[in-house]
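Proteins get letters first, then strands, A, B, ... in listed order; numbering begins at 1 in each.
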There are 2 protein chains.
Amino acid sequence: MDDIGANRPKTRIQRRNTEAILEAALEVFSSNGFRGSTLDQIARAAGLSKPNLLYYFPSKEAIHSELLNGLLDVWLDPLRAIDPAGEPRDEIMTYVRRKLEMSREMPRESRLFANEVLQGAPRITDVLSGGLKSLVDEKAAVIRDWIEAGRLARIDPYHLIFSIWAMTQHYADFEVQVRAILGPEHDAFAEAEVFLDRLFDRLLSPDP
Amino acid sequence: MDDIGANRPKTRIQRRNTEAILEAALEVFSSNGFRGSTLDQIARAAGLSKPNLLYYFPSKEAIHSELLNGLLDVWLDPLRAIDPAGEPRDEIMTYVRRKLEMSREMPRESRLFANEVLQGAPRITDVLSGGLKSLVDEKAAVIRDWIEAGRLARIDPYHLIFSIWAMTQHYADFEVQVRAILGPEHDAFAEAEVFLDRLFDRLLSPDP
DNA sequence: CATCGGCCTGACCATCCGGTCAGAAAAAGA
DNA sequence: TCTTTTTCTGACCGGATGGTCAGGCCGATG
């Protein structure tokens, strides 16, 4: 009886260990990529033995997959939260801020996805062109309607969303580069918030 | 006499093969990362045998390093080309367009760097905080002067540069995601050019 | 056309890595 | 306490992978 993944962890030990494994795996996968990470690294980081990892998860793939799918929901929450009934610019600015906050609070998760997508998203193509696409389509339609109503500047909703992703995730994914250039004394995220506020404010104001 | 890297390739065969190796390595490294790529893959892609690779390069690391350093110059050319004597908005818009064009024409190079930086830039930290930092500092100073002269909106030069990097490279590095959402019929890069033109035009116009 | 030096290869090696397994240790239950 | 179930481990396996080496090939030069 190997497979524990099917029925959710019940005992205290199971919950504690699966959690430790996923935490360790996030740390290791996000900074080395899937292929660049080893079970030994994860085991060491989790304070467990390698065979014990494989007692809780059937394979390295399974750990990675569990992480990725478990995080996708959280990751897309801010986008889901865009409210068609809200004030357009507030909604989008809130989205930007929440996304930037996630980059600051969850850089490892950001890098995990970045690694995956960079390498062709072999393990989540179905999610990208399935759930993600339809969510983005939905929100793009909302933005389009706002534009039609003259409440936002005329800009492409899809590329607006891409630009938000690009700029917010940049501060997590390329943190080393940002820090190398700004130096350690700067609070990159605080500065980014000011900058992005200004940028999107200017971008979204309706034409006169 | 193993090391050929020291003195530049002389014979026709050397030039042809080192070129084939670097081309193949770019293809393989950029889509699998350093750790995810094997010498066999590179050898196959280059049409050579594995020992023959190691006749031209002393190690896998050496191939990767050669690629990375060789490309850094090309990669930063557009930034270098920003002319303090030029018209500020033209200079920056030209930079954006050239950077986007590079993402379209050299997506593999973009992904190679992205992979490296994502994983903490272990092999190019010195370049980041050395040459790159000083180049960015220099150009940021130029932009600051333009702002002081009232020829650009008051925005942080460093984060302006980050935003250009983020948005242009996004279309290369996350191409799979972009394509999954837009579908194959869209020309993402053409749309991006229009979008970024508008975005930076609005961002940079001096306040009244 | 001979020969010499640059070019190339098959076979091999040591190590790493994901994964297995028999059974020990520990916890839970009776 | 005794038994059963869960948790854990050392030893091991097979395949992949980076790298080596002795020697064969082959093209340029005299």
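Among the nucleotides dT6(D), dT20(D), dG6(C), the one closest to the side chain of Leu54(B) is dT20(D). Closest contact between the side chain of Thr11(B) and the listed nucleotides dC8(D), dG19(C), dC7(C) involves dC7(C).
Distances shown here put every side-chain N or O of Tyr55(B) at or beyond 4.0 Å from the OP1 or OP2 atom of dG6(C). Taking 4.0 angstrom as the limit, Gln14(B) places a side-chain polar atom (N or O) nearer than this to OP1 or OP2 of dC7(C). At dC8(D), none of the side-chain N or O atoms of Ser49(A) fall inside 4.0 Å of OP1 or OP2 (strictly under the cut-off).
The nearest whole Å value for the distance from the CG atom in Asn52(A) to the C1' atom in dG23(C) is 15 Å. To the nearest angstrom, P of dT7(D) lies 10 Å from CZ of Arg16(A). Per the geometry, CZ belonging to Phe34(A) stands 13 Å off P belonging to dC17(C), to the nearest Å. One atom, CG of Asn17(B), and another, C1' of dC8(C), lie 10 Å apart when rounded to the nearest Å. Protein atom OH of Tyr56(B) is 12 Å distant from nucleotide atom P of dG6(C), rounded to whole Å. Atom CZ of Arg15(B) and atom P of dG6(C) are 17 Å apart (whole Å). Between the CG atom of Asn32(A) and the P atom of dC16(C) there is a distance of 16 Å, rounded to whole Å. Between the CZ atom of Phe57(B) and the P atom of dG19(D) there is a distance of 13 Å, given to the nearest Å.
Atom CZ of Arg35(B) is separated from atom NZ of Lys60(B) by 7.5 Å, given to the nearest 0.5 angstrom.
The existence of a salt bridge linking Arg97(A) and Asp197(A) is confirmed by a sub-4.0 Å separation between a basic side-chain nitrogen and an acidic carboxylate oxygen. Remark: Asp73(A) engages Arg80(A) in a salt bridge, criterion side-chain N to carboxylate O under 4.0 Å.
A heavy-atom distance below 4.5 Å is found between the side chains of Tyr158(A) and Asp137(A).
In this structure, Arg89(A) forms no cation-pi arrangement with Phe200(A), as its terminal cationic atom is not both closer than 6.0 Å to the ring centre and no more than 45° off the ring axis.
Checked by atom type, the side-chain pair Asp90(B)/Thr94(B) shows no donor-acceptor distance below 3.5 Å.
Tyr171(B) pairs by the ring pair (Phe, Tyr, Trp, His ring centres under 6.0 Å) definition with His159(A), not counting sequence neighbours.
Arg179(B) CZ: 12 or fewer foreign heavy atoms inside a 6.0 Å radius.
Considering all non-hydrogen atoms of both residues, Ala172(A) and Phe189(A) come closest at N-CZ, 4.4 Å.
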Please tabulate, one pair per line, each protein N/O and nucleotide N/O from nucleotides 22-30 of chain D that are separated by under 3.5 Å, including the distance.
none

Listed pairs, N/O of protein and of nucleotides 11-17 of chain D, under 3.5 Å:
unit_1, atom_1, unit_2, atom_2, d
dT17(D), OP1, Arg35(A), NH2, 2.8

